[in-house]
4 protein chains.
Amino acid sequence: MALETPTRARKRERPGSKNTAGLDLDELRKLWLKPLWLVLSDAFTDEPRTQIVPHIWKWSDVRPRILEAGRRISAEEAERRVLMYLNPGLNGAPGATQTLFSGVQLIMPGEIAPTHRHVPSALRVVIEGNGAYTTVSGEKTLMRPGDFVTTPNWAWHDHGNETDEPMMWLDGLDMPFVLALNAMFYEELGDGYDIQPVTRELDDSQTRYNRGFRPHRDAFAGNYSPILNYRYAEVRETLALMERAGDALSEEEGVMLDYINPLTGGPTLPTIDAHAQLIRPGEHTRAVRDTASRLYFVLDGRGASIIGGQRLEWEKGDTFCAPTWAWREHRVASSDAPAVLFSFDDAPIQKPFSFYRRQALLEGDGHQSSL
Amino acid sequence: MALETPTRARKRERPGSKNTAGLDLDELRKLWLKPLWLVLSDAFTDEPRTQIVPHIWKWSDVRPRILEAGRRISAEEAERRVLMYLNPGLNGAPGATQTLFSGVQLIMPGEIAPTHRHVPSALRVVIEGNGAYTTVSGEKTLMRPGDFVTTPNWAWHDHGNETDEPMMWLDGLDMPFVLALNAMFYEELGDGYDIQPVTRELDDSQTRYNRGFRPHRDAFAGNYSPILNYRYAEVRETLALMERAGDALSEEEGVMLDYINPLTGGPTLPTIDAHAQLIRPGEHTRAVRDTASRLYFVLDGRGASIIGGQRLEWEKGDTFCAPTWAWREHRVASSDAPAVLFSFDDAPIQKPFSFYRRQALLEGDGHQSSL
Amino acid sequence: MALETPTRARKRERPGSKNTAGLDLDELRKLWLKPLWLVLSDAFTDEPRTQIVPHIWKWSDVRPRILEAGRRISAEEAERRVLMYLNPGLNGAPGATQTLFSGVQLIMPGEIAPTHRHVPSALRVVIEGNGAYTTVSGEKTLMRPGDFVTTPNWAWHDHGNETDEPMMWLDGLDMPFVLALNAMFYEELGDGYDIQPVTRELDDSQTRYNRGFRPHRDAFAGNYSPILNYRYAEVRETLALMERAGDALSEEEGVMLDYINPLTGGPTLPTIDAHAQLIRPGEHTRAVRDTASRLYFVLDGRGASIIGGQRLEWEKGDTFCAPTWAWREHRVASSDAPAVLFSFDDAPIQKPFSFYRRQALLEGDGHQSSL
Amino acid sequence: MALETPTRARKRERPGSKNTAGLDLDELRKLWLKPLWLVLSDAFTDEPRTQIVPHIWKWSDVRPRILEAGRRISAEEAERRVLMYLNPGLNGAPGATQTLFSGVQLIMPGEIAPTHRHVPSALRVVIEGNGAYTTVSGEKTLMRPGDFVTTPNWAWHDHGNETDEPMMWLDGLDMPFVLALNAMFYEELGDGYDIQPVTRELDDSQTRYNRGFRPHRDAFAGNYSPILNYRYAEVRETLALMERAGDALSEEEGVMLDYINPLTGGPTLPTIDAHAQLIRPGEHTRAVRDTASRLYFVLDGRGASIIGGQRLEWEKGDTFCAPTWAWREHRVASSDAPAVLFSFDDAPIQKPFSFYRRQALLEGDGHQSSL
């Protein structure tokens, strides 16, 4: 599907963008007209340009701040007690990349977030805490560390924590993309404090859809996965099998799986593709780049990545981002345990329009530099 | 997708098929010409006609005969030690319906069936025995009672029994359909005695594909399910959840699930749709008919069905068939345990061409007669 | 999509089908059981077997007989005044191949065939006559020589001849396939003599759908082409352009186009793919075979084909058939004008199930023998 | 596909965005963290917010300025001699809406634009001039007034004017969307002055693909239309047929057709849907809104529209835009001739992700106010 060849270099000097040709630009401006040639070389660039820069949000920095926020502001006051992860290239605008929002959310014991829905799709990956719940479309799930929980476009959802420890999870949403398309809708249930009834058993969707079955004459018609919670314990078992099997190893990505919608084989959310990958001790993956932007979350272990030439050291709980078309490679030291990275990207936004391109670094030893 | 309305009755008397119009039929016959009007009313019937009749193959009849065959002929001599289930309407031609083949296969301890492949797709459901294996495309599975094992079109496969008890399973194939299209190919591995190597772990495909994951950049491109074995234990758990949930109950089919391909949500084999349904004590399902032909296999329990007006009493191990457009309904007595029926049908052959129609019996109490 | 490699030869002698193993076959027969091994080598053949044989129906034979039928039997008496083209391998059963019906239909001046519909899809290609009509789903078209007219599954249709010359066309239907699946439904409008109203202009569907447009928020939802009539004049222009362009030439098929559904790019009818191909003077196409069965109708010119080793000489108006997996090649003498062959095949029935295979003859000069 | 119901009003007051909870925002800023609750009510709005405002670019304003640019700057100096249509809400950034670029391009007699390609897809609609050409992927087309010409993502293309009159056309591109995804690539052929060879006849793609045919075993695999030029003369004929037919009339859009890809039935470009609609004298269309943004170009006639409450009077050659979720309705006075509007929108960008919603104004007489 994707072009894997590099583009050829342009030979001709692009015309300067300074030639106003003696036109009365002020008059044109009043008519909302402007010569294209003044901006042409800024817009039609040989390769993608992006404001997004590689960045890492260290869990050791984030954890005390979100817990402090938990002490200082109630869930009701905050509506959503989230610290956003801002990309340094975006001048303070929400967004970890140009299309993806990320942040850390805290639910303290006894708190609830009332039922609401919105056009942006959301995913959660549990960082700390054990047993707080998310309810989506009448199904409740108890969330364990590493679990991946989906909340599709326009699905009623709410959260709560009936345990006695704080629950912290990573949020991932396509909110910047929805805003860029001017397509936001948002709604609260009832008077804004209502909670939807739980109408399904725990693990209903897992049992119903994720064993190779679906109900006969099933009415489910969403373009997202019917599975509410993908358990991390199963991710680890499958990555372990794939590692033993050897046949799924990729020079570029280690041992990697995609989370899928079992009714289509495609991504769990229509705008976001999610993955888990295991990097083995001593492994240094070949550099690869594509036109997607993405976030990584460290589920287990520690290591380092080079993203667009910039070295990021990471350990469990950290989150980091990789911009469009930036080379990225990962390394785990031989003396360390295997690392597991969760990641999510916006490739599904690009693929329907044939924008998506991917390239492996074939020169040298396939690395930007030694790690 | 399907038309659910009955067709209107035709008002005009169809012209007789006797009017040869004084044409010289012998001369026409020599030129391989024939008036259509002589056969028109036999071909263009208001509703489907079929040679297939409802029939039940009782396990109490079949079991001693297949075991006797096990004593009298070696696996090597027989190549496939199968007793075919013949539909009484087909004059001895292979086929349990016009498109579906069924039969019982026996593998004695120590026997093997060498590796081969063919255009017909096959499914197996284990009747008796525990732990004999099927290997398909390098993956081996140990088969337990009630397990549903797929063998797709043109996939190398072989069987063996390394246990000390006989293994008997139900075979289901689309062989009559393949033959009707003149599309058969068949091949044996090597010199016909060869066995393919096992290249994957036990439960590789279950672990890899059936938990909401698939390998990243997966090369699997079949139009069939990548899952080799759908475990009966999981079928029972899902049927139990669906029964408790209540929302999946259907007047017509009890609690019913479809086996699916987790990469498409569609049937596990492109020509055959497979299902499991639980009929609760005291339940008498509403009569329904469709243009598919199908076989039922009794996984558990006992009860009775009326198929096209004919009552069939069944118990565990029995197999019975239902022709095209025959009303079918099921009953389990209140004093009995729940019954579980496995079934497979040829609806996927009809649906791409918009041939498939389905109708529920709305008159009276929805039953053909009391059971 | 299709496998293009030949299958490997099987090495092992298939076990004899004579070994009854001392089983009581009569007793088994009463239980509708039969050993598979008695029929195994007849069913699981290395390559397809077919009853269908290559055959040509010469227009010089057919034309006087259908005109005689026109004198001897009224349209009302005949209901459909058609002489079927029977394949000599089918023992008189309707069918030009195992899945496809063909024949010649005659409508005399002033005659009509009242409105009816049926599950089989039909196509017509005009042989002689000019201006008789077919009405399908409220749209009427005036038929010219070589025009290709579709009549989809369950669409109301009727025919009439308001000109003063006989209209003769080739019929093609998937009727044998529908009957093999036991999926026939048939219905007449009203009391069987009714004619549906014409609710659309002449060439409505051509104008509406076949210029790269469709109505906004169009409700058309059929799985067949919305185009009623594909004009032969346009076929000739496109074949001429393709011939001049050179880039569309195929060693195996000359200059060939497919008739398509402009809403999907797929075949005009879900079960039948239709084509027109131009064979240039002096061209001798490379032999090819596939698992589809097909009929050819000579739109223009004369030449010869070798089908499964059998030479058939043809000229305008003739119809001939090619069985599954039979090599086929065509030749037009240098001294002749270009020939144009219309053909239709059942490949769409095989492709959804991955049954379809195709192979070009690569040995020697790509020909079965000299023509 | 689209939700047609209005969203319910939210009952609860959204929490103020002023509560910093005593957190040290500066410290958080240095860590690229920020409380979500400070921006929540700006981001998660009940209904879409957009910077885009309705605006009309009058041809009487634009025409003299683009012709003046033609006198003052050479095609080579300008690279692309285009006056961009800027949306007044975008502060001078390129874009007629948040996703769509538009402008007017001028090619003077004797000029050429060398061959290049880029990720943005482009469409052209001819405003003035007759017979200048665009070549795309080796096919050249001579452009007539009203013709709609496509230039897909990454297709080599160039333009030239071998006539003796200026050629002016409307450009439409998805450039802002491509830039928002950081997915731009751009390339020039050879040394930047090269012209691709013309390898196909005039009207090759029209003849080959747009008559219900495609080449047998066609290799075309783009996700865009193979048709280069959709002729305005044919648009007018089809709109006229649809008007006569009456069955295609829509209260909301007059008589409207979509330009389609004849291999899929979908839009001609994967990101942009294009339409032509005829508004009859005296017709005042019912107001409708959807989440797409769009541009209108007046092909013929004159009238007025109310877009988001703002009245725009238009005549032949004018271009105007309608933002997301703004009510839009059109009127042509009884004393005028029918008007024909060309329009293009970004709905295909929203539909794969289920963002697209549409609503008709059902209150009152279906109008925002009298026109």
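In what follows, chains are A, B, ... by sequence order, proteins preceding strands, each numbered from 1.
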For [X], is it the side chain, the backbone, both or neither that has a heavy atom under 4.5 Å from a heavy atom of chain D?
{"X": "A:Ile56", "value": "neither"}
{"X": "A:Pro120", "value": "side chain"}
{"X": "A:Gln105", "value": "neither"}
{"X": "A:Ile52", "value": "side chain"}
{"X": "A:Leu179", "value": "side chain"}
{"X": "A:His116", "value": "neither"}
{"X": "A:Leu28", "value": "side chain"}
{"X": "A:Asp174", "value": "side chain"}

Check: With a 4.5 Å limit on heavy-atom distance, are the side chains of D:Ser121 and A:Phe353 in contact?
Finding: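 A side-chain contact under 4.5 Å is absent here.
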
Distance (rounded to the nearest 0.5 Å) between [X] [atom1] and [Y] [atom2]:
{"X": "A:Trp37", "Y": "D:Ile73", "atom1": "CH2", "atom2": "CD1", "result": "4.5 Å"}
{"X": "A:Leu86", "Y": "D:Lys34", "atom1": "CG", "atom2": "NZ", "result": "6.5 Å"}
{"X": "A:Asn19", "Y": "D:Glu77", "atom1": "CG", "atom2": "CD", "result": "5.5 Å"}
{"X": "D:Asp61", "Y": "A:Trp32", "atom1": "CG", "atom2": "CH2", "result": "14.0 Å"}
{"X": "A:Leu23", "Y": "D:Arg71", "atom1": "CG", "atom2": "CZ", "result": "10.0 Å"}
{"X": "A:Glu79", "Y": "D:Phe44", "atom1": "CD", "atom2": "CZ", "result": "9.5 Å"}

Which region of [X], side chain (C-beta onward) or backbone (N, CA, C, O), has a non-hydrogen atom less than 4.5 Å from a non-hydrogen atom of chain A, or is it both or neither?
{"X": "D:Pro323", "answer": "neither"}
{"X": "D:Thr50", "answer": "both"}
{"X": "D:Tyr224", "answer": "neither"}
{"X": "D:Thr99", "answer": "side chain"}

Item checked: Verdict with supporting geometry, A:Phe185 and D:Asp46, side-chain contact (heavy atoms from CB on, under 4.5 Å) -> CA-CA 5 Å; A:Phe185 287 85; D:Asp46 292 0; over 6 Å; no

